[in-house]
Amino acid sequence: MKATRKVRVGDVTFGGSTLVVIAGPCAVESREQLELAAASVKASGAHLLRGGAHKPRTSPRTFQGLGSEGVDLLAEAGRRHGLPIVSEVMDSAQLAQMAERVDLLQVGARNMQNFSLLKELSRIRRPVLLKRGLAATVDEWLHAADYLLDGGNENVILCERGIRTFGGETRFTLDLAAVAYVRSRCDLPVVVDPSHATGLRELVTPMALAAAAAGADGLMVEVHPHPEQALCDGPQALTPVGFEQLMQRLQPVALAVGRSVSFTGARAVPVPAILEAR
Ligand code: PEP
Ligand code: MN
């Protein structure tokens with residue numbers, strides 16, 4: 001087994017001894033929503049802030065994201081809270097405006113084999129978070145990563161987010177064996193997204209703990225200040241308090257597998273200053 005490659009995103013290192021936690025809403029919806037999410041996940045020890053601005057939705061009649069304005073809001077919240085930001089790029093037209101502003105560019109599950117997008121991303125220096133396609137084998141996923149690596153971008157992080165199987169109880173089936181398989185086949189850091197994998201809030205923390213135990217280098221978790229009002233993926237979003245509890249419970253599991261997390265103890269989720277003033 002090769003040592004894991006270290007991929008730096010801002011001042012955060014994937015593939016090192018710290019279990020890196022990415023958290024935030026599915027979609028950027030408003031400045032207020034994002035501020036509440038960012039302040040709370042930061043207070044609980046998250047390392048990066050996520051938020052979709054360009055959303056790949058199954059139906060064109062659902063919220064498609066705020067687009068470029070959403071990227072601006074995410075960048076602003078990331079700066080304010082000292083969190084590097086992660087957001088999905090769906091095509092090359094979006095890449096032009098996102099490459100400079102987004103610290104970690106996400107390739108979504110539905111785009112894992114968008115080879116022209118991968119080739120474009122291979123030519124830039126920004127790190128890429130490559131999600132596994134929802135019907136992709138692990139080897140197909142690793143070949144997709146090769147497009148980035150062979151084209152010259154060495155900063156690739158993999159993300160297992162569940163695959164389609166036959167059960168309907170969960171949104172997808174989280175393939176944790178893939179984490180160990182990837183680890184035995186290549187040196188890329190791998191993170192696990194228990195939110196999309198399960199689609200159910202109450203399963204997110206158990207699967208996050210299992211992912212840490214299986215050797216994942218990080219987690220990506222959806223957190224919304226008011227999940228019942230979310231414009232996208234509300235049923236799988238943790239509340240800020242739920243995320244705090246996840247971080248707390250992660251601590252002993254991470255330590256047991258030789259990693260640290262940055263949770264430093266239970267604390268009340270603060271009311272962000274910009275909202276206090278209203
Ligand atoms: C996401 O993380 O916002 C997302 C759309 O996930 P996936 O591509 O894994 O469905
Ligand atoms: Mn989502």
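The first residue of the sequence shown is numbered 1, and numbering continues consecutively from there. Since the model is a prediction, treat every value here as computed from it, not as a measurement. Atoms within a ligand are numbered from 1 in the order they appear, just like the ligands themselves.
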Original post:
When you measure from the Mn ion (ligand 2) to each N, O or S atom of Glu222, which atom gives the shortest distance?
Top reply: OE2
Original post:
In Asp233, what N, O or S atom is nearest to the Mn ion (ligand 2), if we give its atom name?
Top reply: OD2
Original post:
Which atoms from ligand 1 have a heavy atom of Arg110 less than 4.0 Å away?
Top reply: 7 (P), 8 (O), 10 (O)
**OP:** Considering the heavy atoms of Gly108, write down every atom of ligand 1 situated less than 4.0 Å from one of them.
**Re:** 8 (O)
Considering heavy atoms of the protein only, find what lies nearest to [atom] and give residue, atom and distance to 0.1 Å.
atom	value
atom 9 (O) of ligand 1	Arg161 NE, 2.6 Å
atom 8 (O) of ligand 1	Ala109 N, 2.8 Å
atom 6 (O) of ligand 1	Lys131 NZ, 2.9 Å
atom 5 (C) of ligand 1	Glu88 OE1, 3.7 Å
atom 4 (C) of ligand 1	His196 NE2, 3.6 Å
atom 3 (O) of ligand 1	Arg50 NH2, 2.8 Å

**OP:** Could you tell me whether Asp193 and ligand 1 have an N or O pair separated by under 3.5 Å?
**Re:** no
**OP:** Flag the pair Leu142 / Cys186 as yes when at least one side-chain heavy-atom distance between them is below 4.5 Å, and no otherwise.
**Re:** yes
Original post:
Does His196 put an N, O or S atom under 2.8 Å from the Mn ion (ligand 2)?
Top reply: yes
Would a distance-only check, ignoring hydrogens and angles, find a side-chain to backbone donor-acceptor pair under 3.5 Å from [X] to [Y]?
X	Y	answer
Asn153	Leu148	no
Arg201	Gly234	yes
Thr18	Ser260	no

Under 6.0 Å from the [atom1] atom of [X], do we count more than 12 heavy atoms belonging to anything else shown?
X	atom1	result
Glu140	CD	yes
Gln229	CD	yes
Glu228	CD	yes

Original post:
If Ile, Leu, Val, Met, Phe, Trp and Tyr residues are connected whenever their side-chain heavy atoms lie under 4.5 Å apart, and connections chain through other members, are Val89 and Leu104 in the same group?
Top reply: no
Original post:
Linking I/L/V/M/F/W/Y whenever any side-chain heavy atoms sit under 4.5 Å apart, do Val190 and Leu129 land together?
Top reply: no
Subject >> Proximity flag Arg132 to ligand 1, non-hydrogen atoms under 4.0 Å >> reply: no
